[in-house]
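First up is the structure itself, then whatever we jot down about it.
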2 protein chains.
Amino acid sequence: MTNKLNLNNLTKSEEDYLKAIFQLLIEDASVKVGNNQLADYLKVSPASTNNMIKKLKAKGYVVSEKYGKLDLTERGKSVAVRLIRKHRLWETFLCNYLNFTWDEVHDVAEQLEHIKSRKLIDELDRFMDFPKKDPHGEMIPNANGEYSIIPKITLSSLSEGDVCQLVAVNDGSVHFLKYVSEIGLVLSSEIKILEVREFDKSIRIKFDNTIETVTRKFADNVFVNKVV
Amino acid sequence: MTNKLNLNNLTKSEEDYLKAIFQLLIEDASVKVGNNQLADYLKVSPASTNNMIKKLKAKGYVVSEKYGKLDLTERGKSVAVRLIRKHRLWETFLCNYLNFTWDEVHDVAEQLEHIKSRKLIDELDRFMDFPKKDPHGEMIPNANGEYSIIPKITLSSLSEGDVCQLVAVNDGSVHFLKYVSEIGLVLSSEIKILEVREFDKSIRIKFDNTIETVTRKFADNVFVNKVV
DNA sequence: TTAATTTGTTAGTCATAACTAACTTTTTTA
DNA sequence: TAAAAAAGTTAGTTATGACTAACAAATTAA
Ligand SMILES: [Mn+2]
Ligand SMILES: [Mn+2]
Ligand SMILES: [Mn+2]
Ligand SMILES: [Mn+2]
C-alpha cells in the first residue's frame with residue numbers, strides 16, 4: 001500500500017521545520033541553507049532533518065536536489081509566514097494584555113502559534129487593533145501574509161563612531177532579554193559605538209548617558225538601524 | 001533498559017484521557033466507568049484505551065484492577081480539573097472578546113486547553129475579571145481547582161407541568177448549539193413542560209411566548225434547574 | 001447453572017518523529 | 001589532484017498512540 005500523504009493538515013513538527021527553513025533563508029539570504037545547518041538550528045540530528053525534508057518535498061512545501069541546498073515553494077513560504085504572524089500576534093497579546101514581560105512570551109508563543117483557527121488569529125489581530133510590531137520590534141505580517149521587512153543589521157557589524165537606533169532584539173533567549181532590560185536598553189534607544197576592542201571584539205557603547213561594554217555574542221542579537 | 005516514564009509532562013493524549021474519565025465519572029456518579037465506555041466516549045478502539053490506561057496507572061493518575069472499573073487518583077483529578085478550567089476560560093474569552101458565537105468555541109478550546117503555562121491561564125482569568133461561568137453555563141474552576149457544581153438535571157427528565165430554568169447546554173455539538181439559538185432559547189430562559197408525548201418521548205415546551213416541540217435527544221443536552 | 005453476550009486484554013501492525021551508526025557524495029585544503 | 005574534512009544519506013532502533021483480530025474473563029439471560 002502506498003503511503004498516504006496529508007497534504008493540508010500539517011503536524012506541529014512539519015510547521016516548525018518550515019518556519020525554521022524560512023528564518024534561515026531570510027536571515028542570511030546570500031548563503032544557501034543545507035541539511036546540517038537546519039539540524040543545528042532545530043537541535044535535532046541531520047538524519048531527522050533529512051527525513052523530514054523528504055516528506056516536505058513529497059508534499060510540495062520544499063524543493064531541493066539530492067545533496068543540494070534547500071528552498072521553500074510558495075506554499076511553504078505561505079505556511080511559514082502565517083506561523084510567524086501567529087507567533088508575533090500572541091507575543092504582543094501576552095505582553096500588552098496579560099502582564100507578561102518580553103522575556104516570558106516566546107516559549108508560550110511557540111505553543112500558541114500551532115493552534116489551528118483562522119478566525120482566532122484574525123480576531124485577536126482586530127482585538128488589538130492591528131499592531132504593526134511585536135514586543136521585540138519584529139514586524140507582524142497582516143492577514144494576507146504581507147509585511148514590510150525593515151532594514152536591520154546587527155550591532156556587532158558596526159564600527160567605532162557609528163550611531164544607530166535599536167530596532168529589534170532576538171526573542172529566543174530569556175537570559176539575553178533580561179540582560180537587555182537590566183542595562184536599560186529599550187526599543188528605539190539611540191546607541192553610539194565608542195570602541196570596538198580588537199582583543200575579544202567586545203564593544204563599548206553609550207546610550208541615555210549610560211556607558212556599557214557588551215560582548216560580541218550580545219551584539220549579534222541586537223538589531224539596529226544605522227543613523228550616522 | 002526499563003521504560004522511562006515522563007511522570008510530569010503529560011502528552012495531549014494523556015490529558016484528553018484524564019479529562020474524559022473525569023467527565024464520565026461526574027456525569028453519572030452512580031455508574032462505574034469501564035474501558036469500553038471510555039473507548040466509546042473518545043471514539044477510539046478499546047485496545048487503545050486499554051493501552052493508555054496501563055500507562056496512566058503506571059504514572060499514578062488512574063487506579064483500576066484488572067477487568068475492573070476505572071477511577072482517578074487525586075493527581076488525576078487535579079489534571080482533569082485544570083484542563084476543564086482552561087477549556088472554559090478560553091471559551092469565555094473567545095465569546096466575550098473575539099466575536100465567536102457559542103457554537104464556534106468548543107473546537108478551538110479543545111486545542112487551547114493543552115497550552116502549558118500557568119501564568120497564561122491565570123492572567124487570562126484576571127484579564128476577564130474572574131468569570132464564574134462559561135458561554136454554555138458551565139462553572140469555571142478557580143486557580144485552586146475549586147468550583148461549585150450547580151444542581152442540574154436534563155430537560156428530558158422532567159414531567160408535564162414542570163417549570164424550570166435553562167442553566168447550561170452541552171457544548172460539544174455545533175449543530176445542537178445553533179439549533180438552541182435559532183429557536184430563541186438562552187441561558188436562564190424559563191421553560192414550562194406542556195406535554196411529554198408517550199409515542200416518541202418528544203416534549204412540547206413553552207418559553208417567552210414561544211411554543212416548540214423538541215426531541216428526546218435535544219432535551220438530553222439541555223440542563224435545567226427545576227423551579228416548580 | 002449453563003450458554004450467550006458483553007466487556008476487557010493481548011498480540012501484532014502502522015504512522016510519526018526522534019535517535020545512532022555507518023556509509024556516500026561533495027567540497028576544501030594541502 | 002589526491003587526501004582530508006564536511007555535508008548529506010541510509011539503515012536500523014525507539015517511543016507514542018492509533019488500529020484490527022484473536023482471545024479471556026465477567027456478566028446476563030435462558
Ligand atoms: Mn513551533
Ligand atoms: Mn518576537
Ligand atoms: Mn483536548
Ligand atoms: Mn463550554
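Chain letters run A, B, ... following the sequence lines, proteins first and then strands; every chain starts at 1.
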- Message: For A:K12, is there an ion pair with A:E15 - N to carboxylate O distance below 4.0 angstrom?
- Response: no
- Query: Taking atom P of D:dA7 as reference, at what distance in whole Å does atom NZ of A:K32 sit?
  - Reply: 17 Å
- Message: Quick check against the 3.5 Å criterion: does A:E123 have a side-chain atom that pairs as donor or acceptor with the backbone of A:L120?
- Response: no
- Parallel, tilted or perpendicular, as decided by the 30° and 60° cut-offs, for the rings of B:W102 and B:H136: parallel
- Interatomic distance where CG belongs to B:L38 and C1' belongs to C:dG8 [whole Å]: 12 Å
- Salt bridge between A:R82 and A:E113, side-chain N to carboxylate O under 4.0 Å? no
- Note on the structure: B:N35 CG to C:dT10 P, in whole Å, measures 11 Å
- Message: I want to check one thing: is the phosphate of C:dG8, taken as OP1 and OP2, less than 4.0 Å away from some side-chain N or O of B:K69?
- Response: yes
- Distance in angstrom units between A:D16 CG and C:dA18 C1', rounded: 14 Å
- Task: Taking A:E160 for its side chain and A:V196 for its backbone only, find out whether a donor-acceptor pair lies under 3.5 Å.
- Result: yes
- Expressed in angstrom and rounded to an integer, what is the separation of B:K57 atom NZ from C:dG8 atom C1'? 11 Å
- Task: Identify whether the distance between the nearest side-chain nitrogen and carboxylate oxygen of B:K133 and B:E91 falls below 4.0 Å.
- Result: no
- Item | Main-chain N/O of A:C95 paired to A:N99 side chain as donor or acceptor, under 3.5 Å | no
- Which whole-number value in Å describes the distance from B:I53 CD1 to C:dG8 P? 11 Å
Below 3.5 Å is the cut-off: list the nitrogen or oxygen pairs between protein and nucleotides 22-28 of chain D, distance only.
unit_1: D:dA25; atom_1: O4'; unit_2: B:Y67; atom_2: OH; d: 3.4

- Query: Among residues 39-48 of chain B, which contact DNA chain C at a heavy-atom distance under 4.0 Å?
  - Reply: B:P46, B:A47
- Task: Taking only the side-chain heavy atoms of A:N50 (C-beta and beyond), determine which of D:dT10, C:dG8, D:dA7 contains the nearest atom.
- Result: D:dT10
- Can a side chain N or O of B:T49 be found less than 4.0 Å away from OP1 or OP2 on C:dG8? no
- Query: Do B:D122 and B:R85 sit within salt-bridge range, that is, some charged N less than 4.0 Å from a carboxylate O?
  - Reply: yes
- Below 4.0 angstrom, N of the basic side chain to O of the carboxylate: do A:K178 and A:E104 qualify? no
- Here the distance between atom C1' of C:dG12 and atom CG of B:N51, to the nearest Å, is 12 Å
- Nearest-angstrom distance from the residue atom NZ of B:K54 to P of D:dA18: 15 Å
- Are B:S13 and D:dA18 close enough that a side-chain N or O sits under 4.0 Å from OP1 or OP2? yes
- Message: Below the 4.0 Å mark, does C:dG8 have OP1 or OP2 next to a side-chain nitrogen or oxygen of B:N36?
- Response: yes
